[in-house]
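The first residue in the sequence is number 1, and the count goes up from there.
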Amino acid sequence: MKLQKKLSAAEKLVEVAGPLLADRPFASVSTREIAKTAHVNLSAISYHFGSKEGLYQAVFEKLIADLKPARDGFRTFLEAGTTAAKDSPGMQREVIRTFISAFIDALLSDENPQWRMRLIMREIHQTGPCFDMVMQQHIDVMHDLLGSLIAVVIQKPVRDPSVILMSHSILGLCLQYALSESLISHRLNWDGYDVQKLDMIKNETVSMVFAMLGLSRPDPKEGKS
């Protein structure tokens, strides 16, 4: 049996602060509440982080570090896929289909708590103190990786506004399925997502993206093993 690592006071603070700060305004989450939830002394916050603001930054540093394996995996796949997809609409469709399926799975994985997405989205929408960090180390990376593929598909430079906006639209569409599970389930009279419902979401999303990119409808057998 694998022994669970004992967390330090600093690690406990970062672990509990993330979910608390994701669902409430920064000012409404007190340092006393964070320390109490982490079962550490209040002074540990100033000792390890200097202030609540310092702890907030540490939360984002860990969040971005925790997402690195996913970024690296998508980097490997998209870089190889972009090279293979040149001059091949069939391969372009296959790479896009595989990426969308894998990205939605990653967003909904139990290993990717949804508070992370909520915290990131709020930081971006409010242009908070960690905005530049999140953009440069995570969001820009994912957008640029997908943008390289989009540029090949629509035959425009990677920094063309159309490429940037399409990349944003595709990633945002997938993200909304994770952030809006309750809303989508309500609208479709579902009891949450299961494998069949996720397959439906993925297939509909792929069709929308193909239309957005001007890719012809694939042969029904394409992508089936």
Side-chain angles (χ1 to χ4, degrees), residues 1-75 102-145 168 171-186 191-193 198:
M1 185 175 70
K2 187 177 179 181
L3 295 175
Q4 201 165 23
K5 177 191 170 187
K6 186 175 180 180
L7 299 179
S8 67
E11 289 170 329
K12 289 178 182 177
L13 287 165
V14 170
E15 187 175 76
V16 305
L20 289 172
L21 293 164
D23 293 325
R24 286 158 53 196
F26 180 81
S28 74
V29 181
S30 69
T31 53
R32 189 174 300 280
E33 179 184 4
I34 295 171
K36 183 178 179 181
T37 306
H39 303 292
V40 302
N41 291 329
L42 178 59
S43 61
I45 293 177
S46 57
Y47 178 79
H48 290 289
F49 306 105
S51 63
K52 188 167 73 166
E53 289 76 11
L55 173 58
Y56 188 71
Q57 179 168 329
V59 167
F60 273 97
E61 288 171 352
K62 184 176 189 302
L63 190 160
I64 290 169
D66 287 346
L67 290 171
K68 185 177 186 299
R71 280 194 308 276
D72 289 346
F74 284 120
R75 180 190 299 280
F103 190 54
I104 290 175
D105 282 340
L107 290 171
L108 291 165
S109 170
D110 291 338
E111 296 179 6
N112 183 28
Q114 290 198 1
W115 69 260
R116 288 176 172 174
M117 290 179 279
R118 294 196 299 272
L119 187 60
I120 287 175
M121 294 306 294
R122 192 178 69 190
E123 186 69 9
I124 293 170
H125 291 154
Q126 297 181 359
T127 318
C130 295
F131 175 86
D132 288 340
M133 181 198 308
V134 173
M135 291 302 300
Q136 293 167 10
Q137 298 183 35
H138 183 65
I139 303 295
D140 287 347
V141 175
M142 291 299 298
H143 278 233
D144 289 346
L145 286 169
H168 172 78
L171 293 172
L173 180 60
C174 295
L175 184 63
Q176 285 307 310
Y177 291 125
L179 290 171
S180 304
E181 181 175 351
S182 297
L183 184 154
I184 293 167
S185 295
H186 172 80
D191 184 19
Y193 296 161
L198 274 177

Quiz prompt | Main-chain N/O of Asp105 paired to Ser109 side chain as donor or acceptor, under 3.5 Å | solution = no
Quiz prompt | Donor on one side chain, acceptor on other, Glu53 and Gln57, under 3.5 Å | solution = no
Exercise. Enter the distance from His186:NE2 to Asp191:CG here, rounded to the nearest 0.5 Å.
Key: 13.5 Å
Quiz item: Which pair of non-hydrogen atoms, one from Tyr177 and one from Ile104, has the smallest distance, and what is that distance?
Solution: CD1-CD1, 4.2 Å
Exercise. For Phe26 and Lys52, work out which heavy atoms get closest and say how close.
Key: O-NZ, 2.8 Å
Practice problem: To the nearest 0.5 Å, tell me how far Asp144 CG sits from Ile139 CD1. | Solution: 11.0 Å
Quiz item: Could you go step by step and tell me if Tyr56 and Leu119 meet the side-chain contact (heavy atoms from CB on, under 4.5 Å) rule?
Solution: CA-CA 11 Å; Tyr56 188 71; Leu119 187 60; 4.2 Å; yes
Practice problem: Tell me yes or no: between the side chains of Glu181 and Ser185, is some donor less than 3.5 Å from an acceptor? | Solution: no
Practice problem: Please name the residue in the list Lys68, His143, Arg71 that meets the side-chain hydrogen bond (donor to acceptor under 3.5 Å, both in side chains) test with His138. | Solution: Arg71
Quiz item: To the nearest 0.5 Å, what is the distance between CD (Glu61) and CE (Met133)?
Solution: 4.5 Å
Quiz item: Going through the checks in order, is the side-chain contact (heavy atoms from CB on, under 4.5 Å) test met by Leu63 and Trp115?
Solution: CA-CA 10 Å; Leu63 190 160; Trp115 69 260; 4.1 Å; yes
Practice problem: Would you name the heavy atoms of Ser46 and Ser43 that are closest together and state the gap between them? | Solution: OG-O, 3.0 Å
Quiz item: Closest approach of Ala17 and Val59, non-hydrogen atoms and distance?
Solution: CB-CG2, 3.9 Å
Quiz item: Which heavy-atom pair separates Gln136 from Val141 by the least distance, and what is that distance?
Solution: O-CG2, 3.8 Å
Practice problem: Assess whether side-chain contact (heavy atoms from CB on, under 4.5 Å) is satisfied between Val14 and His48, documenting all intermediate values. | Solution: CA-CA 10 Å; Val14 170; His48 290 289; over 6 Å; no
Quiz item: What's the spacing between Asp132 CG and Gln137 CD if we round to 0.5 Å?
Solution: 10.0 Å
Practice problem: Please indicate whether Lys62 has more than 12 foreign heavy atoms, meaning atoms of other residues, nucleotides or ligands, lying under 6.0 Å from its NZ. | Solution: no
Quiz item: side-chain contact (heavy atoms from CB on, under 4.5 Å) between Thr37 and Lys12: does it pass, once the steps are laid out?
Solution: CA-CA 9 Å; Thr37 306; Lys12 289 178 182 177; over 6 Å; no
Exercise. Starting at CG of Leu55, measure out to CG of Leu13 and round the result to the nearest 0.5 Å.
Key: 6.0 Å
Quiz item: So, Arg122 side chain and Arg24 main chain: donor-acceptor pair closer than 3.5 Å or not?
Solution: yes
Self-check item: Atom of Ala178, atom of Leu107 and distance for their closest heavy-atom approach
Solution: CB-CB, 3.8 Å
